[in-house]
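Lettering follows sequence order; numbering is per chain, from 1.
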Amino acid sequence: MSAKVLSEDLIYEVLSVVSEIPIGNVATYGQIAQLINRPKNARLVGKVLSQADLYGEYPCHRVVNAAGRLAPHFVQQKSLLLDEGIAFKDACHVDIKQHKWTI
DNA sequence: GGATTGACTTACG
DNA sequence: GCGTAAGCCAATC
C-alpha cells in the first residue's frame, strides 16, 4: 500500500467521503472523521477542506460542524447550500436536524 | 523539537 | 442556546 499516511492520504480520504455526500444532505466534521477511520481528527477534516479547493472541486459546503453552523471563512457556503435545497434556521445555521447525512 | 493554531466535539453551568 | 474548559491531532512557526 502507500507509504504516505499524512496529508495526501488524509485529503484523499476526506474528499472521497465528501464527494459521496448526496445533494440535499449535509455532514459534520466528526461524521467524516469517523468515516476516514479517524474519530478524533474532526479538526483535521476542517483543515483539509480549507485546502480542498486546491486539490479539486468538492462539495465542501455540505460539511458543517456539529451545531450545523457554517464555516467562518466560507461565506459562499450559504448560497451554495441554498442552491441545493438545504433549509436554513439562521444566517449561519443549516437545518441539520432535517438534512443531516445518515451513513 | 517545543509552542501555537485551527472550517471540531463533548461536557458542564 | 451560549460561554468556558478540556481533549485530540496534524501542520506551521
Side-chain angles (χ1 to χ4, degrees):
Chain A
M1 294 287 280
S2 57
K4 291 177 290 191
V5 292
L6 296 180
S7 57
E8 288 191 21
D9 260 12
L10 189 64
I11 290 167
Y12 178 81
E13 295 185 82
V14 170
L15 298 183
S16 185
V17 172
V18 172
S19 64
E20 290 185 52
I21 302 173
I23 294 176
N25 282 245
V26 294
T28 70
Y29 297 100
Q31 210 169 354
I32 293 173
Q34 289 177 54
L35 288 171
I36 64 176
N37 203 37
R38 283 176 173 71
K40 309 295 182 56
N41 289 41
R43 311 174 90 147
L44 278 303
V45 175
K47 197 166 292 188
V48 169
L49 290 180
S50 70
Q51 301 168 85
D53 64 308
L54 306 179
Y55 290 83
E57 299 193 5
Y58 290 86
C60 42
H61 55 270
R62 290 186 199 143
V63 185
V64 295
N65 73 2
R69 192 173 62 180
L70 307 182
H73 296 294
F74 194 170
V75 295
Q76 213 173 18
Q77 188 170 19
K78 183 170 185 279
S79 302
L80 293 167
L81 292 170
L82 286 171
D83 189 52
E84 297 193 347
I86 306 294
F88 272 74
K89 298 166 64 71
D90 290 297
C92 296
H93 293 78
V94 302
D95 193 340
I96 193 169
K97 293 183 178 179
Q98 186 176 317
H99 294 292
K100 185 172 184 182
W101 182 34
T102 51
I103 306 175

Check: For every nucleotide of nucleotides 6-13 of chain B, 5' to 3': is a protein heavy atom under 4.0 Å from its base (B), only from its sugar-phosphate (S), or from neither (-)?
Finding: BBBSS---
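Between the side chain of A:S50 and the backbone N or O of A:K47 there is at least one donor-acceptor pair closer than 3.5 Å. Under a 3.5 Å cut-off, the side chain of A:H93 and the backbone N or O of A:A67 do not form any donor-acceptor pair. At least one donor-acceptor pair closer than 3.5 Å links the side chain of A:Q77 to the backbone N or O of A:H61.
Rounded to whole angstrom, the span from the CG atom of A:N41 across to the P atom of C:dG7 amounts to 17 Å.
Here the closest non-hydrogen pair linking A:A52 and A:L15 is CB-CD2, 3.5 Å. Contact between A:W101 and A:P22 at its shortest, heavy atoms only, is NE1-CD, 3.3 Å.
Looking at A:I103 and A:Q31, their side chains come closer than 4.5 Å, going by heavy atoms from C-beta outward.
The stretch residues 85-103 of chain A does not touch DNA chain B, since none of its heavy atoms comes less than 4.0 Å from the strand.
A 6.0 Å sphere centred on CZ of A:F74 holds more than 12 heavy atoms belonging to other residues, nucleotides or ligands.
Across A:I21, A:I86, A:D95, a single residue satisfies side-chain contact (heavy atoms from CB on, under 4.5 Å) together with A:V26, and that is A:I86.
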